[in-house]
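Note that these values count all heavy atoms, side chains included, but never hydrogens, waters or copies made by symmetry.
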Amino acid sequence: MDGELAELFAFHIPVWEIILRGSAIYWFLLLLFRFILRRDAGSLGIADLLFVVLIADASSNAMQGEYRSIAEGFVLLATLAAWNYMLDWASFRSKAIKRLMEPPPEPLVRDGKMVCKALKRNLITEDELKSKLREKGIEAMDAIRLAYLESDGQISVLERAGPQSGAGKQHDQPAPRRPGAG
């Protein structure tokens with residue numbers, strides 16, 4: 001029994017290999033989600049969820065290699081957590097890293113007019129945008145001074161000052177997104 005318990009915590013793969021595998025997969029997935037699925041966190045559909053689950057399964061095999069012990073799993077999880085913490089810390093301390101990690105807000109509506117290039121680039125249809133605006137209680141584009149697609153997938157809206165718009169109101173809503181947009 002002691003031999004079996006000790007085996008659970010024994011290393012069968014070199015620690016450096018576990019750290020290297022975890023680091024490589026972490027950075028690959030980070031770049032994939034940052035540049036290909038930039039803003040999907042704000043609106044996760046069924047297809048997006050399935051994609052994330054499949055990526056998790058595929059990357060799990062690549063990260064694990066053939067590890068068989070709890071200790072090796074702990075090293076892998078610690079590596080992933082360390083990268084995540086270091087990037088959060090670095091983004092907090094450096095504007096350049098923050099710009100790399102988070103896309104800037106992108107205007108979707110300016111002075112009541114849709115910014116068609118931004119909608120097309122982010123694969124948001126006119127109907128989807130109007131639907132999200134109606135959810136915020138905005139029926140007319142004329143009521144909007146600026147509407148941004150934020151880095152987290154939310155749409156923030158700054159309304160024009162006026163009796164029908166409620167001067168200075170601001171709204172946040174997940175944006176409709178499709179896999180591969182970015």
Worked verdict on V157 versus L146 for side chain to side chain contact (heavy atoms under 4.5 Å, CB included): CA-CA 6 Å; V157 178; L146 283 168; over 6 Å; no
pair E126-M114: side-chain heavy atoms closer than 4.5 Å: yes
L119 with L133, same ILVMFWY side-chain cluster at under 4.5 Å: yes
Heavy-atom closest contact (V115 atom, V109 atom, distance): CG2-N, 4.1 Å
Parallel, tilted or perpendicular: ring planes of Y26 versus W83, cut at 30 and 60 degrees: parallel
K136 side-chain N/O to I155 backbone N/O, donor-acceptor pair under 3.5 Å: yes
Candidate pair L20 and W16, rule side chain to side chain contact (heavy atoms under 4.5 Å, CB included), full reasoning: CA-CA 6 Å; L20 180 64; W16 67 265; 4.2 Å; yes
Electrostatic pair E128:K132 at N-O distance under 4.0 angstrom: no
Side chain R160, main chain D111, donor-acceptor under 3.5 Å: yes
I19 backbone acceptor or donor facing S23 side chain under 3.5 Å: yes
Derivation of the salt bridge (Lys or Arg N to Asp or Glu O under 4.0 Å) call for K130 and E139: CA-CA 8 Å; K130 287 179 179 179; E139 294 183 29; over 6 Å; no
Residue pair A118 / E106: nearest heavy atoms and the distance that separates them: CB-OE2, 3.5 Å
